[in-house]
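Since the structure comes first, as structure tokens, the remarks are kept for the end.
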Amino acid sequence: MKIQAPFFARRIVHGIAILLLLGSWSSGRNADLILGSWLFPARQSTIEVYRENGQYFGRIVEVGAAYQHKLSGNRLLFTNLTFNGKEWSGGKLIHPSSGTHYDVAIQLTNSYTLNVTVYKGLRCFQKNYQLVRK
């Protein structure tokens with residue numbers, strides 16, 4: 001004899017499955033909110049954030065006049081970031097002039113502002129930068 005689950009129990013299971021699918025779809029969409037051009041006011045430079053194979057990268061596309069002797073355009077700034085639902089992390093920031101690699105985490109504080117945290121060694125040694133959408 002086959003026992004069937006009550007009608008409402010099947011509906012609950014289907015509802016949960018739909019919510020899980022929508023949640024994974026929306027988190028992917030939220031991850032892409034970082035894409036685009038961002039102005040780094042402290043350095044008068046523009047950073048382009050793009051996605052490749054599910055990871056996020058940033059490169060310098062414009063350099064302010066005061067820094068042109070130190071930096072060049074089209075240079076990779078951060079690599080291999082992944083979105084965990086809250087922030088983009090797990091990648092590295094490459095210091096443009098020295099080539100030194102640092103851990104980096106990026107949070108979207110609102111649709112026009114990125115908060116970039118660079119960790120130098122231990123997590124207690126950090127520096128924060130803000131980028132604004134261009």
Side-chain angles (χ1 to χ4, degrees):
M1 176 189 293
K2 184 176 178 183
I3 300 174
Q4 289 189 347
F7 178 73
F8 69 90
R10 285 188 302 223
R11 287 222 138 174
I12 290 173
V13 170
H14 289 142
I16 291 172
I18 289 171
L19 286 174
L20 289 172
L21 287 172
L22 287 175
S24 66
W25 177 72
S26 67
S27 69
R29 285 183 39 140
N30 289 338
D32 286 348
L33 291 174
I34 195 175
L35 298 177
S37 294
W38 297 88
L39 180 63
F40 185 21
R43 300 284 187 248
Q44 300 172 344
S45 302
T46 301
I47 311 300
E48 178 187 52
V49 179
Y50 61 97
R51 184 184 64 214
E52 190 174 289
N53 297 324
Q55 294 184 318
Y56 295 85
F57 297 82
R59 64 180 175 181
I60 301 168
V61 291
E62 292 178 32
V63 180
Y67 294 95
Q68 284 184 345
H69 66 284
K70 291 183 179 181
L71 303 174
S72 62
N74 206 22
R75 188 169 199 169
L76 205 56
L77 184 63
F78 53 84
T79 63
N80 304 325
L81 293 172
T82 56
F83 186 62
N84 65 15
K86 181 181 161 188
E87 68 181 11
W88 293 262
S89 60
K92 297 289 184 184
L93 178 127
I94 305 165
H95 191 279
S97 54
S98 71
T100 306
H101 290 67
Y102 299 103
D103 290 336
V104 64
I106 299 175
Q107 292 183 331
L108 187 69
T109 55
N110 60 49
S111 59
Y112 299 102
T113 309
L114 287 179
N115 187 29
V116 179
T117 305
V118 179
Y119 300 100
K120 297 180 180 182
L122 302 173
R123 290 276 183 178
C124 60
F125 301 113
Q126 65 185 18
K127 188 158 186 172
N128 292 310
Y129 300 96
Q130 281 198 337
L131 298 144
V132 292
R133 192 174 294 276
K134 190 168 180 187

With sequence neighbours left out, write down each residue that passes side chain to side chain donor-acceptor pair (under 3.5 Å) with [X], or none if nothing qualifies.
| X | value |
| --- | --- |
| N128 | T117 |
| H101 | none |
| T82 | none |
| S111 | none |

How long is the span from the [atom1] atom in [X] to the [atom2] atom in [Y], to the nearest 0.5 Å?
| X | Y | atom1 | atom2 | answer |
| --- | --- | --- | --- | --- |
| I94 | T79 | CD1 | OG1 | 5.0 Å |
| Q107 | I34 | CD | CD1 | 10.5 Å |
| I106 | L131 | CD1 | CG | 7.5 Å |
| R51 | L81 | CZ | CG | 13.5 Å |
| N110 | L33 | CG | CG | 11.0 Å |
| R59 | L77 | CZ | CG | 12.0 Å |

What's the shortest heavy-atom distance between [X] and [Y], and which atoms?
| X | Y | result |
| --- | --- | --- |
| H95 | Y102 | CB-CE1, 4.1 Å |
| P41 | V132 | CG-CG2, 4.3 Å |
| T46 | S37 | CG2-CB, 4.1 Å |
| A31 | Y56 | CB-OH, 3.2 Å |

>> So, using ring-ring contact (aromatic ring centres under 6.0 Å, His included) as the criterion, who are the partners of F78 when residues are at least two apart?
In response: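 If we apply the ring-ring contact (aromatic ring centres under 6.0 Å, His included) test to F78, skipping adjacent residues, there are no hits.
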> Sequence neighbours excluded, which residues qualify as side chain to side chain contact (heavy atoms under 4.5 Å, CB included) partners of S89?
Replying inline: N84, E87, A105
> side chain to side chain contact (heavy atoms under 4.5 Å, CB included) with T109: which residues, sequence neighbours excluded?
Replying inline: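 Once residues adjacent in sequence are excluded, the partners of T109 under the side chain to side chain contact (heavy atoms under 4.5 Å, CB included) criterion are T113, N115.
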> When clusters are formed by joining ILVMFWY residues with side-chain heavy atoms under 4.5 Å apart, either directly or through shared neighbours, do L35 and I60 land in the same one?
Replying inline: yes
>> Between W88 and L39, is there shared hydrophobic-cluster membership here, with clusters defined by ILVMFWY side-chain heavy atoms closer than 4.5 Å?
In response: no
> In chain order, what residues pass the salt bridge (charged side-chain N to carboxylate O under 4.0 Å, His left out) check against K134, with sequence neighbours excluded?
Replying inline: E62
>> Suppose the criterion is ring-ring contact (aromatic ring centres under 6.0 Å, His included): which pairs have a residue in residues 106-134, not counting sequence neighbours?
In response: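 Matches after skipping sequence neighbours: F40-Y129.
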> Which residue pairs pass the salt bridge (Lys or Arg N to Asp or Glu O under 4.0 Å) test with at least one member in residues 96-107, sequence neighbours excluded?
Replying inline: K92-D103
